[in-house]
Amino acid sequence: MGVNLRDLVTPVAVSLEELKGKVVAIDGYNALYQFLAIIRQPDGTPLKDSRGRITSHLSGIFYRTANLLEAGVKPVYVFDGKPPELKTKEIEKRIEVKERAAVEYKAALERGDMVAARKAAQATSKLTGEMVGQAKDVLVALGVPWIQAPSEGEAQATFMTKKGDAWATVSQDYDSLLFGAPRLIRNLTISGRRKLPNKPVYIDIEPEIVRLEDVLLELKITRDQLIDIGILLGTDFNPDGFKGIGPKKALKAIEEFGSLKAALEQKKVEADPTLDVEAIRDIFLNPKTTDDYRLEWGGINGNAVKEILCGSFDFSPERIEAALHRIEKETKELKKQSSLEKWF
DNA sequence: CAATTTCA
DNA sequence: TGAAATTGG
C-alpha cells in the first residue's frame with residue numbers, strides 16, 4: 001500500500017484558496033480507490049445504480065472534481081499503466097487481503113456487526129478497468145484532462161510536477177516523494193471533517209503539503225537516502241520491508257552507514273537474499289514516464305455529464321445540475337485562460 | 001466523500 | 001443557524 005513515511009515527514013496545512021489557479025496532478029487510481037472504499041452505507045454496501053452497478057467512484061470523482069473546479073484549481077488525473085514486474089508480489093498480496101476481507105464481511109453481516117462489516121467491506125474494494133473507464137468519461141465531460149501513465153501513475157504525475165506542468169502531486173501515499181516530487185498534497189478533501197473509524201469522534205482533516213526539500217533538510221539526508229529508507233520500511237516493490245526495522249532504525253542505519261548498500265555490506269541490516277535493492281532504487285530514480293500529453297481544461301459539457309451520471313447511472317438530475325451550476329462561472333474562466341495561453 | 005436533511 | 005445525522009445511487 002505504498003511506502004509509509006508518515007513518521008518521518010512534517011506536513012503543512014494548505015487551503016483550497018492557496019491552490020487557486022494552480023495545476024495539481026492527481027493520482028487517479030489512488031483517488032478512485034479511496035472513493036470506492038469510503039463512499040458506502042453504514043453496513044458497507046457501496047452506492048449502486050438500478051442495475052446494481054457500483055457508482056461510489058463516480059460520485060466521488062464528480063463531486064470532488066466539481067469542488068476543485070469551483071475553487072479555481074486545475075486538476076489533471078493520472079492513471080496507472082502497466083505495473084513494474086517487481087510489483088507482482090504486492091499485487092498478489094492485495095488480492096489475498098481482499099479475499100480474506102470478503103470472508104470477514106460476510107461473517108460480520110451474519111452476526112449483525114455493522115461496524116466490522118463496513119470496515120471489512122472497505123477492504124474488499126476492487127477497482128475494475130471498467131470503473132476507471134467510466135470515471136474517465138466523466139472527466140472528459142467535465143473538460144478535465146486525464147493522462148494514461150506508461151507505468152506508475154505517481155511517477156508520471158511527479159514527472160509533470162518536476163517539469164513544472166503541475167504545481168504538486170496529489171496522493172494519499174508518500175511514494176511520489178521517492179520519485180522526487182517537490183510537493184506532495186495529501187487529504188485534498190473539501191468537507192474537512194471526518195469521523196474517526198469506530199468512534200463517535202470527529203477530527204478536522206485538512207489538505208496538507210509535504211515538501212520534499214523540507215523532508216530532506218529536516219532528516220539531513222539526500223533523496224537517494226530517502227529512497228533507501230523507503231526500501232528499508234517497505235515499498236510496493238518489497239512490501240515486507242526489512243524485519244524489525246521501523247522509521248527510527250531505518251533513519252539511524254542510513255545516518256550511520258550512508259546508504260542501504262553500505263548498511264547491508266556492514267551487516268547492519270539483514271535482507272531477504274532475493275531482494276534486488278538496485279532494481280527497486282532504479283524504479284524510483286528512472287521511472288517509465290511520457291511527455292506525450294496535453295493539458296487543456298476545455299470547459300464543461302453539462303449535457304454529457306448528465307447523460308452519463310443521470311441517464312446511465314441514476315444520479316439525481318437536480319443534484320447534478322446544482323453542482324454544474326456552481327462551477328459554471330469558474331470553468332468559463334479556466335477555458336478562457338487555457339485558450340489565451342496558446343497566444344503567449 | 002460530499003450533499004442534503006434534521007435537530008438543538 | 002451551525003452541527004449532527006442521514007442520504008446519495
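To find a chain, count down the sequence lines: A is the first, B the second, and so on, and within it residues start at 1.
In this structure, A:E206 contributes its side chain and A:S15 its backbone to no donor-acceptor pair below 3.5 Å.
Residues passing the salt bridge (charged side-chain N to carboxylate O under 4.0 Å, His left out) test with A:R94, sequence neighbours excluded: A:E90, A:D236. Scored by the side-chain contact (heavy atoms from CB on, under 4.5 Å) test, A:K98 finds A:Y33, A:K126 as partners (sequence neighbours excluded).
A donor-acceptor pair shorter than 3.5 Å can be found between the side chains of A:D314 and A:S50. Of the N and O atoms on the side chains of A:K136 and A:Q148, at least one donor lies less than 3.5 Å from an acceptor on the other residue. A donor-acceptor pair shorter than 3.5 Å can be found between the side chains of A:R40 and A:S125.
Atoms CD1 (A:I327) and P (B:dA3) sit 11 Å apart, rounded to a whole Å. When rounded to the nearest whole Å, the span between CD of A:E318 and P of C:dG8 equals 12 Å. Spacing between atom CD1 of A:I38 and atom P of C:dT7 amounts to 20 Å, rounded to whole angstrom units. The nearest whole Å value for the distance from the CZ atom in A:R319 to the C1' atom in C:dG9 is 9 Å. In this structure, A:L32 places its CG atom 14 Å from P of B:dC1, rounding to the nearest Å. Straight-line distance from the NE2 atom of A:H325 to the P atom of B:dA3: 15 Å, rounded to whole Å. Taking atom CG on A:L58 and atom C1' on B:dC1, their separation rounds to 13 Å, with Å as the unit. For A:Q122 and B:dC1, the CD to C1' distance is 11 Å, given to the nearest whole Å.
Listed by first then second residue, pairs satisfying ring-ring contact (aromatic ring centres under 6.0 Å, His included) with a partner in residues 229-278 of chain A read A:F237-A:F284, not counting sequence neighbours. Sorted by first and then second residue, the pairs that involve residues 159-169 of chain A and meet salt bridge (charged side-chain N to carboxylate O under 4.0 Å, His left out), not counting sequence neighbours, are A:K163-A:D165.
Rounded to the nearest 0.5 Å, atoms CZ (A:R53) and CD (A:Q134) are 6.5 Å apart.
Checking the phosphate oxygens (OP1, OP2) of B:dC1, no side-chain nitrogen or oxygen of A:N67 falls inside 4.0 Å.
Residues of residues 302-311 of chain A that place a heavy atom closer than 4.0 Å to DNA chain B do not occur. Residues from residues 39-57 of chain A placing a heavy atom under 4.0 Å of any atom in DNA chain C, listed by number, are A:I39, A:R40, A:Q41, A:P46, A:L47, A:K48, A:T55.
When distances are taken from the side chain of A:F35 to each of B:dT4, B:dC1, C:dG9, the shortest belongs to B:dC1.
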